[in-house]
Amino acid sequence: MKVLVAIKRVIDYNVKIRVKSDHSDVDLTNVKMAMNPFCEIAVEEAVRLKEKGVATEVVVVTIGPKAAQEQLRTALALGADRAIHVETDLRVESLGAARALAKIVEEQQPGLVILGKQAIDTDNNQTGQMLAALTGLPQGTFASEVAVEDGRLRVTREIDGGLETLELTLPAIVTTDLRLNEPRYAKLPDIMKAKKKPLEVRTPADLGVELASRIKLLKVEPPAERQAGIKVGSVDELIDKLKNEAKVIS
Amino acid sequence: MSILVLAEHHNGVLADATAHVVAAARQIGGELHVLVVGEGVAAIAEAASKLDGVGRVLVADHANYAHLLAEPTAALMAQLADDYGHVLAAASTTGKNVLPRLAALKGVGQISEIIAVQGVDTFKRPIYAGNAIATVQSEDTLKVITVRATAFDAVAATQSDDGAAIEAIDFVADNDQSTFIEEQLAESDRPELGSAKVVISGGRGMGSRENFQLLERIADKLGAAIGASRAAVDAGFAPNDMQVGQTGKIVAPELYIAVGISGAIQHLAGMKDAKVIVAINKDEDAPIFQVADYGLVADLFEALPALERQL
Ligand SMILES: Cc1cc2nc3c(=O)[nH]c(=O)nc-3n(C[C@H](O)[C@H](O)[C@H](O)COP(=O)(O)OP(=O)(O)OC[C@H]3O[C@@H](n4cnc5c(N)ncnc54)[C@H](O)[C@@H]3O)c2cc1C
Ligand SMILES: Nc1ncnc2c1ncn2[C@@H]1O[C@H](COP(=O)(O)O)[C@@H](O)[C@H]1O
């Protein structure tokens, strides 16, 4: 079974972002970029499926600027077999990404597609569900466990009330939650080897997809800052403040 | 144009979140319908019909809709959506699962987790773990939106005795792709995290699952819900449904007590709209103190028993 993994280049999760002074967007100049953490989990899961002999090939794909090839190379170093880069400098929203991914699914015919549950830049949490709709495939979102059994997929999902287990027909779309696995780090020899793995560059035009978003970004502002409060010296003082100053307990 | 709101419900009860989403819908304005999807949901429809501002309740009650699996639920909503200008749901794991699928079936974008309504097509939403607030405008004819419940005050129940008309939807979406197998739901007598007035959360500093009992005893006294950081969930101290943060639950209680939590931006994203924040941490430089109204630099294993005794 071929497994397709969609990855996104985003700001490193440790970086504190700044909003541009003209409020047009956040400022990404000279900011450290990385693979979206949920996509690292997606790559890890695909590689583990290959190690278990369930997957025969792991293909990674991204839609984004030239620089996103760095993240594809990282995925190749982590164990993916080949990469597809759909190159664009447009701001790609989830629907555009899902449309491009649907074309790649049509071409590559994977048995399973794994995405992150959420890109930590837009915090959209949409692309996997949209891809499932566009390809007419079932979806197992927010997965904390997946297993292929008798040609079907068992997915345990993290839901608000706890955990839910579903069985899906294959091919299927899965999105990863934090507890699915703990991604490995790339080793130096693998990073070297990854440079020689195949990376195919495509354009939205040759895929025949329109990536422009109909959701316009009008303005980006910093959030209201919270004022730091005071330090209290003891539990007694804390309780006194909560009762008599903040009046949040009685 | 009219607005369709997908009702959120659990264990046969209409969830609080629905009244918050209805409030957001009322700010957009227009005729407002609530859609109740599930199996054996008559009582939920009845409750939804009593929410202030609701003009009609549509009920799709069928075994195929049990557990609101994404495939049949989105297919059903795609059938109904042409009559509406907006479709709204809570930014819960149900709303997040179903609405993007619906949007793509209709060929439109989706706007996730709005926190303010600026006009019929313009909304505010947090991005980058709440470190920036985006104002976005949808040029799609159908606007598909999830709503952060804590950002909108719930509508009340109507004053009139008879609620909105309830109408059955006959359309049954087939589903041969996904099957519900089982669920493990957290059982608790405590308030729901999303709507609790007081939340006490533990982090990696708690050290073990057993130590979370220190929080439980205080929660009992305060009528609080219990939350956790990602590190505490990953370590197995607490179940996943307790995770507060960018990729967990969003809470906005009157009082949030963070114990043994450092205050990473991903955690702050889930709780910094609390009215009063208390932090208990032995590291006086922990970032959590930058957002805390009251910070106590102390070992939690001394502070928590003292707090329990004195409450
Ligand atoms: C993609 C992604 C998504 C994430 N989503 C979330 C999310 O939704 N929610 C979330 O919480 N995190 C999330 N995180 C993780 C986040 O970055 C932090 O790693 C996490 O919040 C840290 O948890 P913590 O504060 O419990 O642990 P630590 O950062 O390890 O902090 C433990 C704290 O406990 C204190 N402490 C230790 N012992 C004691 C003691 N005896 N008494 C008092 N204090 C003590 C220490 O001083 C320290 O400050 C996410 C990360 C990523 C990459
Ligand atoms: N431009 C993109 N290229 C490849 N994958 C993407 C892209 N955007 C989103 N994805 C995938 O969809 C997941 C969820 O993203 P989102 O729906 O934007 O929050 C990510 O973790 C990726 O797996």
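In what follows, chains are A, B, ... by sequence order, proteins preceding strands, each numbered from 1.
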* Structure fact -> If one checks every heavy atom of B/Gln243 against chain A at 4.5 Å, the contacting part turns out to be side chain
* To do: Could you tell me whether the side chains of B/Ser92 and B/Glu8 share a donor-acceptor contact shorter than 3.5 Å?
  => yes
* Asked: Under a 4.5 Å heavy-atom cut-off, does chain A meet the side chain of B/Asp176, its backbone, both or neither?
  -> backbone
* To do: Examine the side chains of A/Gln129 and B/Asn97 and answer whether a donor and an acceptor come within less than 3.5 Å of each other.
  => no
* Asked: Do A/Glu44 and A/Asn181 have side-chain atoms, one donor and one acceptor, less than 3.5 Å apart?
  -> no
* To do: Look at A/Lys20 together with A/Asp27 and state whether they make a salt bridge at an N to O cut-off of under 4.0 Å.
  => no
* Asked: Which bit of A/Leu95 comes within less than 4.5 Å of chain B, counting heavy atoms only: side chain, backbone, both or neither?
  -> side chain
* When only pairs under 4.5 Å are counted, which of B/Asn240, B/Leu185, B/Thr247 shares the most heavy-atom pairs with chain A? -> B/Asn240
* Asked: Between B/Leu296 and chain A, which part of the residue has a heavy atom less than 4.5 Å away: side chain, backbone, both or neither?
  -> both
* Which bit of B/Val278 is near chain A, if near means a heavy-atom gap under 4.5 Å: side chain, backbone, both or neither? -> side chain
* Please look at A/Leu168 and chain B and tell me whether the side chain, the backbone, both or neither of the residue comes under 4.5 angstrom of a heavy atom of that chain. => both
* Asked: Of the backbone (N, CA, C, O) and the side chain (C-beta and beyond), which part of A/Ile249 lies under 4.5 Å from a heavy atom of chain B, both, or neither?
  -> side chain
* Most chain B-contacting option - heavy-atom pairs closer than 4.5 Å, from A/Gly140, A/Ala133, A/Ala172 -> A/Ala133
* Asked: Among B/Val297, B/Ile280, B/Val198, B/Thr179, which residue forms the greatest number of heavy-atom pairs with chain A at distances under 4.5 Å?
  -> B/Thr179
* Structure fact -> Applying a strict 4.5 Å limit to non-hydrogen atoms, the region of A/Ser250 in contact with chain B is neither
* To do: Sort B/Leu311 into side chain, backbone, both or neither according to what part of it lies under 4.5 angstrom from a heavy atom of chain A.
  => both
* To do: Before accepting this row, confirm whether a basic side-chain N of the pair A/Asp121/A/Lys8 lies closer than 4.0 Å to the acidic partner's carboxylate O.
  => yes
* Do you know which of A/Pro223, A/Ala102, A/Gly136 has the most heavy-atom pairs with chain B at a distance under 4.5 angstrom? -> A/Pro223
* Does the pair B/Arg125/B/Glu113 count as a salt bridge with the N-to-O cut at 4.0 Å? -> no
* Does a side chain donor of either A/Thr127 or A/Asn124 reach within less than 3.5 Å of an acceptor in the other side chain? -> no
* Structure fact -> Okay, B/Ala306 and chain A: the region with an atom under 4.5 Å from a heavy atom over there is both
* Measuring heavy-atom distances to chain B, does A/Ile11 have an atom under 4.5 Å in its side chain, in its backbone, in both, or in neither? -> side chain
* Within 45° of the axis and under 6.0 Å from the centre of the six-membered ring of B/Tyr294, does NZ or CZ of A/Lys241 qualify? -> no
* **Toward chain B, the part of A/Val19 with a non-hydrogen atom under 4.5 Å** => side chain
* **Residue-level contacts of residues 137-144 of chain B with chain A, using a heavy-atom cutoff under 4.5 Å** => B/Gln137, B/Ser138, B/Glu139, B/Asp140
* B/Ser112 and A/Gln126: side chain donor to acceptor below 3.5 Å -> yes
* Asked: Hey, which of B/Glu254, B/Glu183, B/Gln110 has the most heavy atom pairs under 4.5 Å with chain A?
  -> B/Gln110
* Quick one: pull up OG in A/Ser94 and CE in A/Met130 and give me the separation to the nearest 0.5 Å. => 6.0 Å
* Which atoms of A/Ala98 approach chain B - backbone, side chain, both or neither, heavy atom under 4.5 Å -> neither
* Side chain from CB out, backbone as N, CA, C, O: work out which of these in A/Phe38 comes under 4.5 Å of a heavy atom of chain B, or both, or neither. => side chain
* Is it the side chain or the backbone of B/Leu102 that comes within 4.5 Å of chain A heavy atoms, both, or neither? -> neither
* To do: Please flag which part of B/Asp273 lies under 4.5 Å from any non-hydrogen atom of chain A: side chain, backbone, both or neither.
  => backbone
* Asked: Measuring heavy-atom distances to chain A, does B/Lys96 have an atom under 4.5 Å in its side chain, in its backbone, in both, or in neither?
  -> both
* **Region of B/Leu307 that comes under 4.5 Å of a non-hydrogen atom in chain A** => both
* Asked: In terms of heavy-atom proximity below 4.5 Å to chain B, should A/Leu178 be classed as side chain, backbone, both, or neither?
  -> both
* **Heavy-atom proximity to chain B below 4.5 Å, by part of A/Leu163** => both
* Asked: Measuring heavy-atom distances to chain B, does A/Asp236 have an atom under 4.5 Å in its side chain, in its backbone, in both, or in neither?
  -> both
* Can you name the salt bridge (Lys or Arg N to Asp or Glu O under 4.0 Å) partners of B/Asp293, sequence neighbours left out? -> A/Arg226
* Asked: What part of A/Arg18 is in contact with chain B, defined as an atom under 4.5 angstrom from a non-hydrogen atom: side chain, backbone, both or neither?
  -> neither
* Among B/Gly248, B/Ala134, B/Pro239, residue most engaged with chain A (heavy-atom pairs, under 4.5 Å) -> B/Ala134
* Heavy atoms only, distances under 4.5 angstrom: which of B/Thr122, B/Ile277, B/Leu99, B/Leu69 has the most pairs with chain A? Name it, please. => B/Ile277
* Any idea which of B/Gln266, B/Glu71, B/Gln177, B/Glu182 has the most non-hydrogen atom pairs under 4.5 angstrom with chain A? -> B/Gln177
* To do: Answer yes or no: does atom CG of A/Asp22 have more than 12 heavy-atom neighbours from other residues, nucleotides or ligands under 6.0 Å?
  => yes
* Using a cut-off of under 4.5 Å on heavy-atom pairs, state which of A/Glu93, A/Arg157, A/Lys16 scores highest against chain B. => A/Arg157
